Amino acid sequence: MSASQRKSSSKAPLTGIRVLVGRARHQASALSAELKKLDAEVIEIPFIKIRKPRSYKPLDTALKAIAEYDWLILTSVNGVDAFTARLKSLRIPPAKLKHLKIAAIGPATGEEIEQLGLRVAVVPQRYIAESVVESLRGKVEGKRVLLARAKVARDVIPREVRKMGARVDVVEAYETVAPASSRTCLRSLMKDPKRRPHLVTFTSSSTVRNFVNLLGLPLAPMQRGSALRSGGTPANSPALQRRVATHARSRPGGTTDIFNAVEGIQFASIGPITSATLRDFGLPVHIEAKDYTIPGLIQAIRKAQPK
């Protein structure tokens, strides 16, 4: 084997690949660090920013009456952080929550909860809302349940848990918004052939929606289910090009080059719900994690690379 062949064979999995990480700035480091270990060229532009809710009144009211609840459901690390911050602000010690049975959507969320000295009763095998619901079946009938979550979220958990006979209070702990500062950075990046990413990572449906918003893509969500049945609209499909052309004609100075913004770029999703959101917007899913966690996403990206 020649020296050049030895050098080639020892290349890290992501050598020469530019990966765009769009997690909130305070959360990007874990994903970025692992990608860098695989020799990826990581670009960080946050697609989401965590913001306080417009009013803490519903959450505060629930926390002050926490003794009346039987179950607490938290569906993200951001939710735990926001919940914890409010406990501190109200000077409510975590010990006041020890009577609760707590459900966490996944291991990372569970670990954050346990750092408060609280025990997590339920972590589903699959880290999606539907699995949380299944994990609670037979456990919550006649119980009072508090669900603290983002302002915009799927209604699977409260709807289905209510069907089980539970009384569910849903309170907003935080909201996610598209950072205005990312708009110019993202558009500039995507137009530069020397800098534009080969791969974009999506870690939630919010990151998908905000990516579309920040980039100015003319993509209204498709009918729920149509994209799933078709497998999504490929980035180079005639259907997507028609939507771009229609958008460009409908706006003064419409950008006919918007289509080129995503052409040739691969999209990596943390799980099926995020993938469904990509497809709802007519965007393709090239990589999907089997384990719906950051390590699972990294493993899926690694496995997808040519040997």
Side-chain angles (χ1 to χ4, degrees), residues 13-14 19-24 26-35 37-38 40 46-48 50 73-81 102-114 120-137 147-150 152-161 173-174 176 199-211 224-225 227-228 231-232 266-281 283-305:
L14 300 183
V19 181
L20 176 57
V21 172
R23 298 193 85 195
H26 71 285
Q27 294 178 319
S29 58
L31 176 55
S32 297
E34 292 303 314
L35 290 169
K37 287 180 183 178
L38 300 176
F47 302 161
I48 62 173
I50 309 302
I73 303 175
L74 293 165
T75 58
S76 70
V77 171
N78 289 325
V80 179
D81 290 344
I102 303 176
I105 199 166
T109 304
E111 287 170 10
E112 286 291 310
I113 294 167
E114 287 172 348
V120 178
V122 169
V123 179
Q125 290 187 337
R126 298 171 67 236
Y127 314 135
I128 55 176
E130 287 80 359
S131 290
V132 173
V133 169
E134 287 306 309
S135 298
L136 293 175
R137 198 170 297 284
L147 169 59
R149 67 178 193 181
V152 178
R154 299 166 69 226
D155 285 327
V156 173
I157 293 175
R159 183 184 66 239
E160 297 302 319
V161 173
Y174 67 99
T176 59
L199 179 72
V200 182
T201 61
F202 296 95
T203 55
S204 66
S205 290
S206 294
T207 60
V208 176
R209 286 190 290 267
N210 289 355
F211 173 79
R224 172 67 64 178
L228 298 179
Q266 289 196 323
F267 296 123
S269 159
I270 199 168
I273 304 304
T274 302
S275 295
T277 305
L278 280 162
R279 294 185 179 111
D280 281 348
F281 280 97
L283 296 170
V285 178
H286 301 96
I287 300 169
E288 180 181 293
K290 291 183 179 179
D291 181 14
Y292 317 147
T293 61
I294 294 301
L297 177 59
I298 293 166
Q299 183 179 27
I301 292 171
R302 180 173 185 162
K303 284 185 175 180
Q305 303 313 308

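The structure presented is a predicted model; accordingly, all values stated were derived computationally and were not measured.
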- Query: If you measure from CD1 on Ile102 to CD1 on Ile113, what distance do you get to the nearest 0.5 Å?
  - Reply: 5.5 Å
- Query: Going by an N to O cut-off under 4.0 Å, is there a salt bridge joining Arg154 and Glu130?
  - Reply: yes
- Please list, chain by chain and in numerical order, all residues satisfying side chain to side chain donor-acceptor pair (under 3.5 Å) with Thr207, sequence neighbours excluded. none
- Once you round to the nearest 0.5 Å, how far does CG of Leu199 lie from CG of Leu14? 8.0 Å
- Message: Would you compute the distance between atom CZ of Arg137 and atom CD of Glu160 and round it to the nearest 0.5 angstrom?
- Response: 7.0 Å
- Task: Find out whether Glu288 and Pro272 are in side-chain contact, i.e. whether some heavy atom of one side chain is under 4.5 Å from a heavy atom of the other.
- Result: yes
- Query: So Ile48 and Thr203, side-chain contact (heavy atoms from CB on, under 4.5 Å) or not? Walk me through it.
  - Reply: CA-CA 10 Å; Ile48 62 173; Thr203 55; 5.8 Å; no
- Message: Any non-hydrogen side-chain atom of Leu147 less than 4.5 Å from a side-chain atom of Ile157?
- Response: yes
- Using a strict 4.0 Å threshold on nitrogen-to-oxygen distance, state whether Arg209 and Asp280 make a salt bridge. no
- Query: OG of Ser135 to CD1 of Ile73: how many Å apart, nearest 0.5 Å?
  - Reply: 10.0 Å
- Query: Which is it for Ile298 and Leu31 under the side-chain contact (heavy atoms from CB on, under 4.5 Å) test, yes or no, and what are the steps along the way?
  - Reply: CA-CA 8 Å; Ile298 293 166; Leu31 176 55; 3.7 Å; yes
- Item | Residue from Thr201, Val21, Val200, Thr176 passing side-chain contact (heavy atoms from CB on, under 4.5 Å) with Phe47 | Val200
- Task: Report yes if the side chains of Val208 and Thr274 come closer than 4.5 Å at any heavy-atom pair, otherwise no.
- Result: yes
- Item | Separation of Ile270 CD1 from Ile128 CD1 (nearest 0.5 Å) | 12.5 Å
- Quick check: does any side chain N or O of Ser269 sit under 3.5 Å from a backbone N or O of Ala289, one acting as donor and the other as acceptor? no
- Sub-3.5 Å donor-acceptor pair from the side chain of Glu34 to the main-chain atoms of Ala30, do we have one? no
